Amino acid sequence: MIITIVGGGSTFTPGIVKSIALRKEELEVDEIRLFDIDKERQDKLGVLVKWILEEDLKSDIKLTVTYDEKEAYTDADFIFAQMRVGKYAMRELDEKIPLKHGCVGQETCGCGGMAYGMRTIFPMIKVIDDVEKYAKPTYWILNYSNPASIVSEACRKLRPDARIINICDMPIAIIDVVAAALEVDKKDLVYDYYGLNHFGWFTSIEYKGEDVMPKLRDYIMDQKILLPAAYLKDKKALTSSNTNSNRHTKGSWYYVWKGVYEIMQNFPETLPNTYLNYYLQQKEFVEHSDPEHTRANEVMETREKNLFDGIDRYLATGEIDESVFYAGSHGDWIADLAIALKNDTKARFLVITENRGAIPNMPYDAMVEVPAYIGKKGPEVIAQDEIPLFQQGLMMQQLNSEKLLVEGCIEGSYEKVLKAFTLNKTVPSMKVAKEVLDDMIEANKGYWPELK
Ligand code: NAD
Ligand code: G6P
Ligand code: MN
């Protein structure tokens with residue numbers, strides 16, 4: 001049983017490897033392979049992963065670090081994809097260029113997300129084609145690579161038969177925070193959720209059969225933020241650079257938890273995904289952003305720096321500090337999903353999947369994020385009720401923006417991509433859309449297909 005991690009040089013690789021290794025029995029994993037196109041970066045991660053497997057967990061899982069597609073995928077069972085095309089240098093531009101024009105500057109939402117999507121579509125298709133060529137015919141690609149909504153739409157369109165499931169860790173990160181706020185074990189929480197990726201709502205949360213939405217709502221209204229009281233008391237936890245504690249509560253993440261309160265003040269019936277802030281509070285987001293210092297800078301100064309400094313220190317002294325790398329729900333979620341597929345457990349997960357009627361008043365071919373039972377044949381999606389006009393309207397606008405972007409990228413159509421930017425709710429006018437797009441074309445030379 002072989003698991004290949006694409007984007008082996010990612011800051012999330014150590015955490016994912018740890019989650020896999022801790023589930024060795026259920027996964028029956030013999031070998032983990034790391035594959036990346038950045039040799040220097042992945043070689044460093046290889047050193048740490050070797051330490052995790054051999055020294056930390058005393059595991060006999062074989063490790064292969066490679067830059068060759070054939071070696072990476074031959075006979076692989078699972079491919080965990082998590083590549084960042086253009087790395088943090090391009091993320092920084094995704095965030096800063098829109099802000100320069102007064103628009104939301106975010107990694108996966110709005111213009112930044114669309115720019116990132118245009119860089120990622122074809123590299124992702126290449127991964128699928130290479131995997132089809134070399135891996136076992138029963139392979140599964142579990143994809144974290146962002147922007148997951150755009151990537152999943154492109155895969156649906158270009159490689160409809162690929163065995164790929166796109167996933168996101170934000171809903172479970174929100175559930176982690178909800179559990180900490182309500183002081184309950186997250187394993188006892190069951191939730192319903194629907195939306196597009198980074199664009200959805202929890203409609204119910206139950207704790208051991210009890211509806212805890214009213215309690216949660218009171219908590220949020222009382223605290224004026226969705227963060228556990230213990231974190232709020234310990235301000236250091238919010239600014240600490242220790243990557244091992246909940247990363248979703250650090251730095252500018254603070255605002256999105258505040259935004260949950262602000263959204264629920266007006267629309268209290270559902271718990272919004274934190275990402276809805278970028279679409280419902282776009283003006284306010286721009287106002288509290290620092291156009292010279294965005295989330296990309298925060299990540300480079302903390303998660304990325306701590307990790308690579310930690311590896312350098314290990315190489316120099318032989319000592320390692322586990323807090324230099326992030327391990328948590330992110331790795332557990334993808335490893336648990338692989339267990340459900342392999343062992344046909346029918347466990348319930350949120351996945352990004354073709355709608356096919358699951359949300360009756362959304363298009364058949366929309367890529368939606370909904371709960372599904374996961375077994376060896378893939379997701380069995382749980383049908384939803386019709387969704388309200390407000391949510392449906394927002395989702396249709398976002399969906400059509402993303403569909404136009406994917407079509408524009410595949411066809412090389414400037415006009416379609418401009419329509420995608422213009423339609424996006426984070427962009428105030430056609431003129432601004434064009435200005436941002438033209439700057440993005442310059443910045444993404446060599447990454448984007450040519451637009452005519
Ligand atoms: P990172 O820059 O640390 O790592 C990404 C790695 O991908 C780099 O080592 C880079 O060299 C490699 N890469 C780039 N292009 C590649 C290609 N064509 N083939 C193979 N490898 C390639 O980034 P990170 O912050 O650790 O994030 C990794 C990815 O995971 C990003 O796409 C991020 O958006 C995504 N992510 C997704 C979720 C989710 O909820 N879906 C959660 C966290 C992170
Ligand atoms: C959440 C989202 C991911 C996103 C990440 C960014 O986990 O679900 O899709 O990539 O946040 O986190 P970062 O710490 O890199 O800003
Ligand atoms: Mn996500």
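For ligands, and for the atoms within them, numbers begin at 1 and follow the listed sequence. All of these numbers come straight from a predicted model, not from anything done at the bench. Residue numbers start at 1 and run along the sequence shown.
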Proximal candidate to [atom] [heavy atom criterion; set [options]]:
atom	options	result
atom 8 (C) of ligand 1	Thr13, Asp36, Asp38	Asp36
atom 1 (P) of ligand 1	Gln82, Lys39, Arg41	Arg41
atom 19 (N) of ligand 1	His248, Met83, Met300	Met83
atom 14 (C) of ligand 1	Arg84, Glu69, Lys44	Arg84

Check this for me: does any side-chain nitrogen of one of [X] and [Y] sit under 4.0 Å from a carboxylate oxygen of the other?
X	Y	result
Arg23	Asp336	yes
Lys342	Asp77	no
Lys136	Asp75	no
Arg84	Asp36	no
Asp309	Arg313	no

Check ligand 1 against [X] and write out every atom of the ligand that is under 4.0 Å from a heavy-atom position of the residue.
X	value
Thr11	3 (O), 24 (P), 25 (O), 26 (O)
Arg303	25 (O)
His330	42 (C), 43 (C), 44 (C)
Lys87	10 (C), 11 (O)
Gly9	9 (O)
Tyr88	1 (P), 2 (O), 3 (O), 23 (O), 24 (P), 25 (O), 26 (O)
Cys168	39 (C), 40 (O), 41 (N)

Apply side-chain hydrogen bond (donor to acceptor under 3.5 Å, both in side chains) to Thr138 and list each qualifying residue two or more places apart in sequence or on a separate chain.
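Once residues adjacent in sequence are excluded, Thr138 has no partner under the side-chain hydrogen bond (donor to acceptor under 3.5 Å, both in side chains) criterion.
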Below 4.0 Å, non-hydrogen atoms only: which portion of Ile167 touches ligand 1? Side chain, backbone, both or neither.
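Only the backbone of Ile167 comes within reach of ligand 1.
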Counting only heavy atoms, which portion of Glu304 has something under 4.0 Å from ligand 1: side chain, backbone, both, or neither?
neither
Looking at Val256, is its backbone amide N or carbonyl O close enough to the side chain of Tyr275 to form a donor-acceptor pair, meaning the two atoms are under 3.5 Å apart?
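Judged by distance alone, no pair lies under 3.5 Å.
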What do you reckon, are the aromatic ring centroids of [X] and [Y] less than 6.0 Å apart?
X	Y	result
Phe390	Phe267	yes
Tyr279	Phe199	yes
Tyr144	His330	yes

Using a 4.0 Å cut-off on heavy atoms, what residues surround ligand 2? Order them by chain and number.
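These residues qualify: Arg91, Glu107, Asn146, Cys168, Asp169, Met170, His198, Arg247, His248, Trp253, Tyr275, Arg295, Val299, Arg303.
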Any N or O of Asp169 closer than 3.5 Å to N or O of ligand 1:
yes
Count, excluding waters, the protein N, O or S atoms that are closer to the Mn ion (ligand 3) than 2.8 Å.
2
Checking Glu450 now: which residues fulfil salt bridge (Lys or Arg N to Asp or Glu O under 4.0 Å) with it, not counting sequence neighbours?
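If we apply the salt bridge (Lys or Arg N to Asp or Glu O under 4.0 Å) test to Glu450, skipping adjacent residues, there are no hits.
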Leu45 touching ligand 1 at heavy-atom level, < 4.0 angstrom:
no
Do the ring planes of His288 and Tyr255 sit parallel (below 30°), tilted (30 to 60°) or perpendicular (above 60°)?
parallel
